[in-house]
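Take a look at this one; I'll ask things after.
Labels below follow one simple rule: chain letters A, B, ... track the order of the sequence lines, proteins then strands, and each chain is numbered from 1.
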Amino acid sequence: MRVVIGEDLFLLREGLVRLLSAHGFEVVAAVGAAPELLAALVDEHPDVGIVDVRLPPTHTDDGLRAALQARQQIPGLPVLVLSQYVERLYARELLADQAGGVGYLLKDRVFNDDQFTGAIRTVATGGTVLDPEVIGKLLERHSRTEPLTRLTAREREVLALMAEGRSNAAIAQRLFITEKAISKHAAGIFDKLGLALSDDDNRRVLAVLAYLDS
Amino acid sequence: MVFAVVLLLTIGCIAFVLVREAQGVPRPGGLRGRIRDRGWALLLLPVAMAAAVMAGGAHGLVPAELGIAVLAVVFVPKLAAKLVPYGVLALAVFGGMLARMYHDGFTNQVQYLFIHAGPDAWDSGAAPVLAEAGVLFVVGLWLLVRLDVPGAGPVRTLAARWLDRGRGGISAVHGLLLIPVVGLAMQLLGPGNWFGWQAVDGLDAALLDLTLATAALVLIFRSRAWAATLAAAGLLVLGGYGWLIAVFWPALPGFAYGVTDLHNDPGSAHLWGAALQGSVLLAAGLWLAPRVTRQHLAGPADLELAARARQLTQRVQTLTQTRHDAVDTASAELRRIERDLHDGAQARLVALGMSLRAAERLFATNPEAALALVSEARQTSSRALSDLRDLVRGIYPPVLADRGLADAIRALVLDTPLHTELDVDLPGDVQTPVGAAVYFAVAEALANAVAHSGARTVRIQLSHAAGLLRAQITDDGSGGADPAHGTGLAGVERRLATFDGILAVNSPPGGPTIVVIEVPCALSSAKTSSC
């Protein structure tokens with residue numbers, strides 16, 4: 001799997017290269033600034049781009065903007081965004097094109113290499129992975145008016161795990177129920193959120209998006 | 001007849017110009033600008049007329065001079081206006097010379113402006129001419145400065161220096177100087193004293209004395225500024241009169257002047273006495289006049305100055321207070337950050353190091369235990385990062401740094417568990433420190449709405465108009481919020497005050513609660529991306 005890395009801190013960049021190489025990823029470019037990142041993403045067209053939000057030249061959200069720009073030029077280009085902090089505002093912007101293939105994780109998630117590489121693979125195959133911290137903030141909210149209130153407690157739990165990028169099998173394992181039951185919950189969620197039958201991945205993205213907009 | 005024409009022309013010209021000027025500064029070259037130039041220039045007509053009449057109107061000089069003056073006013077108004085002060089001053093000098101000539105036995109009759117002067121008596125000769133020349137001299141100097149013609153500079157400097165001595169205002173002592181002035185006036189108004197002119201005597205004189213004394217005392221106690229003004233004028237006039245006596249004796253009839261009685265002994269000792277008295281009075285008048293003049297001239301400007309001084313004093317007090325608060329807030333903030341780091345990330349990093357050191361030792365002997373320790377170290381590092389993240393958010397929210405105020409508040413709204421409407425109208429971005437203060441103010445208001453109001457929806461309006469950044473947070477909760485209760489909003493208020501910002505809370509029982517934050521600040525036109 002071909003990977004482009006955009007990270008300005010040398011130690012972290014080298015660490016990521018080493019980690020990914022060790023797990024059998026092919027790092028085709030590792031750059032330290034937003035303009036180079038955009039060029040690499042567009043030219044190399046990797047299976048997934050791993051992008052730090054804060055990059056030179058302005059050291060604000062240049063990395064995020066480069067990723068969004070690359071996805072404008074190549075719709076659905078899988079991008080996993082890493083940051084020292086997660087913001088729902090940025091998650092929404094990443095998911096806004098509804099093309100899937102988006103991840104948004106705290107940098108610390110790299111520590112757990114199995115989970116991290118799992119997330120990279122999910123994103124590369126068009127899935128959506130959001131950091132549990134984003135999800136956690138959502139669970140703190142007790143919305144009163146949105147369609148999500150129609151979901152049962154169990155369905156909300158499933159939706160939260162779905163947003164974290166977990167497969168039905170993983171969710172089943174986590175909640176100690178069968179995969180079939182998860183499918184049923186998922187169908188219930190899609191139904192209540194008014195998501196028509198289409199390919200399952202896209203509906204998962206839309207469901208997560210609805211969740212984020214709550 | 002001639003006097004009336006000259007008088008009317010002069011008064012008309014000055015009134016015309018002053019009224020025109022009071023209507024505002026006219027555009028140069030515009031109609032009003034041209035009219036103003038002509039107005040000053042018109043003064044040349046009475047001056048020319050007076051000069052011509054004085055030189056002997058019978059010789060047909062009047063029409064010729066007036067004709068030249070009219071031509072000058074019409075075709076070269078600026079030059080004509082500039083000639084006016086010099087003309088007036090020349091008339092004054094001529095008046096002085098005329099008075100001297102009368103004194104030395106000049107016998108012709110001369111029309112000196114308003115006075116038909118002759119040699120036959122003192123009161124129609126030197127003294128009135130000299131008085132009029134003095135008035136003209138003062139008017140000439142005023143015009144010199146007013147029209148800013150060459151020569152105005154030194155006069156203005158001298159006047160400013162003279163006025164400068166009058167700093168310090170009018171005190172009760174200045175007003176009391178009216179007493180000797182009135183006393184001397186009473187004496188001079190008595191029989192045969194004022195140039196030999198008898199105003200009153202007997203019972204009338206006593207009644208006049210009584211009236212004058214009462215009026216002076218009332219004036220001194222009611223308005224010492226006007227008492228001092230009158231005193232200054234009186235001192236100058238009476239002092240000048242003393243010198244007139246000394247210089248022009250024996251052409252004058254005998255009379256008393258203060259301690260000098262020239263009725264009985266017109267000897268040189270009494271002449272010197274009159275001169276000395278006159279000098280003392282003149283000196284006192286010259287000392288008092290600038291103080292009085294200053295008081296009257298600088299009336300409105302003084303008020304303005306005093307108001308400005310009050311404003312500045314208030315501003316300094318505000319700045320001292322807010323600076324004090326800002327320093328306090330900053331140092332409290334630093335203490336909090338230090339404590340958070342010390343108890344949080346720092347402590348966790350120490351634990352991390354200890355775990356790794358222990359793992360190092362155990363690798364050879366007990367690899368499994370070492371592995372467990374390394375795993376623990378990883379979790380500790382995660383928690384340290386989490387601590388640092390929370391800390392950073394409290395110091396400076398990342399989205400504020402990345403995107404500016406509008407997006408930072410958008411992110412805030414997304415994290416708020418209430419239905420929140422956001423209405424942003426910011427054409428540019430806000431400077432970093434102001435943006436942070438407003439961000440934390442909105443965050444605090446929003447947190448209060450969530451925690452205390454029981455509101456269902458919150459509405460945030462963010463706008464910028466007329467140099468004022470305004471944020472309004474309205475919730476439909478139960479109201480009754482008291483900003484004095486609890487330290488949250490008070491802290492926010494202090495932080496905003498550093499930028500001259502204010503926070504107002506309107507929260508009647510039953511709601512709604514409206515929090516308004518206003519900070520004067522300019523917006524940068526483009527989005528500032530770095531900070």
Contacts under 3.5 angstrom, residues 116-123 of chain A side chains, donor-acceptor by atom type, not counting sequence neighbours:
{"from": "Thr117(A)", "atom 1": "OG1", "to": "Asp113(A)", "atom 2": "O", "distance (Å)": "2.8"}
{"from": "Thr117(A)", "atom 1": "OG1", "to": "Asp114(A)", "atom 2": "O", "distance (Å)": "3.1"}
{"from": "Thr122(A)", "atom 1": "OG1", "to": "Gly118(A)", "atom 2": "O", "distance (Å)": "2.9"}

Heavy-atom contact with chain A under 4.5 Å, split by part of Ser381(B):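 Backbone plus side chain of Ser381(B), per the 4.5 Å heavy-atom cut-off to chain A.
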
Identify every side-chain donor-acceptor pair in residues 68-84 of chain A under 3.5 Å, counting partners at least two apart or on other chains, and give the distances.
{"from": "Arg71(A)", "atom 1": "NE", "to": "Asp97(A)", "atom 2": "OD2", "distance (Å)": "3.4"}
{"from": "Arg71(A)", "atom 1": "NH1", "to": "Leu77(A)", "atom 2": "O", "distance (Å)": "2.8"}
{"from": "Arg71(A)", "atom 1": "NH1", "to": "Gly100(A)", "atom 2": "O", "distance (Å)": "3.1"}
{"from": "Arg71(A)", "atom 1": "NH1", "to": "Gly101(A)", "atom 2": "O", "distance (Å)": "3.2"}
{"from": "Arg71(A)", "atom 1": "NH2", "to": "Asp97(A)", "atom 2": "OD1", "distance (Å)": "3.1"}
{"from": "Arg71(A)", "atom 1": "NH2", "to": "Asp97(A)", "atom 2": "OD2", "distance (Å)": "3.2"}
{"from": "Arg71(A)", "atom 1": "NH2", "to": "Gly100(A)", "atom 2": "O", "distance (Å)": "2.9"}
{"from": "Ser83(A)", "atom 1": "OG", "to": "Tyr85(A)", "atom 2": "N", "distance (Å)": "3.2"}
{"from": "Ser83(A)", "atom 1": "OG", "to": "Tyr85(A)", "atom 2": "O", "distance (Å)": "2.8"}

Could you go through Leu89(A) and Arg403(B), starting from their C-alpha distance and side-chain angles, then the distance that decides it, and tell me whether this counts as side chain to side chain contact (heavy atoms under 4.5 Å, CB included)? CA-CA 11 Å; Leu89(A) 184 74; Arg403(B) 297 276 184 90; 4.3 Å; yes

Under 4.5 Å from any heavy atom of chain B, what part of Arg109(A) do you find: side chain, backbone, both or neither? neither

If you count heavy-atom pairs under 4.5 Å between each of Pro397(B), Ser382(B), Ser386(B), Pro398(B) and chain A, which one has the most? Pro398(B)

Mind checking whether Glu87(A) and Asp402(B) have side chains closer than 4.5 Å, heavy atoms only? no

Closest contact, heavy atoms only, Arg54(A) versus Ala401(B): NH2-CB, 3.9 Å

What's the spacing between Asp61(A) CG and Asp407(B) CG if we round to 0.5 Å?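 Going from CG on Asp61(A) over to CG on Asp407(B), the span is 8.5 Å.
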
Heavy-atom contact with chain A under 4.5 Å, split by part of Arg389(B):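 For Arg389(B), the side chain is the part near chain A, not the backbone.
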
Results of side-chain contact (heavy atoms from CB on, under 4.5 Å) for Ala504(B) - residues two or more places apart only: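 Ala504(B): no side-chain contact (heavy atoms from CB on, under 4.5 Å) contacts found.
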
Sort by residue number and list every member of residues 335-362 of chain B having a non-hydrogen atom under 4.5 Å from chain A. none

Taking everything shown except Gln379(B) itself, do over 12 heavy atoms lie less than 6.0 Å from its CD?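 Yes, CD of Gln379(B) has more than 12 neighbouring heavy atoms, counting only those of other groups under 6.0 Å.
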
Counting heavy-atom pairs under 4.5 Å to chain B, which of Leu106(A), Leu64(A), Val53(A) comes out on top?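 Going by pairs under 4.5 Å, I would pick Leu106(A).
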
Gln173(A), CD: over 12 other non-hydrogen atoms inside 6.0 angstrom: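 Atom CD in Gln173(A) is not packed in, count stays at 12 or less.
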
List the steps and the verdict of side chain to side chain contact (heavy atoms under 4.5 Å, CB included) for Leu414(B) and Tyr90(A). CA-CA 11 Å; Leu414(B) 282 175; Tyr90(A) 295 171; over 6 Å; no

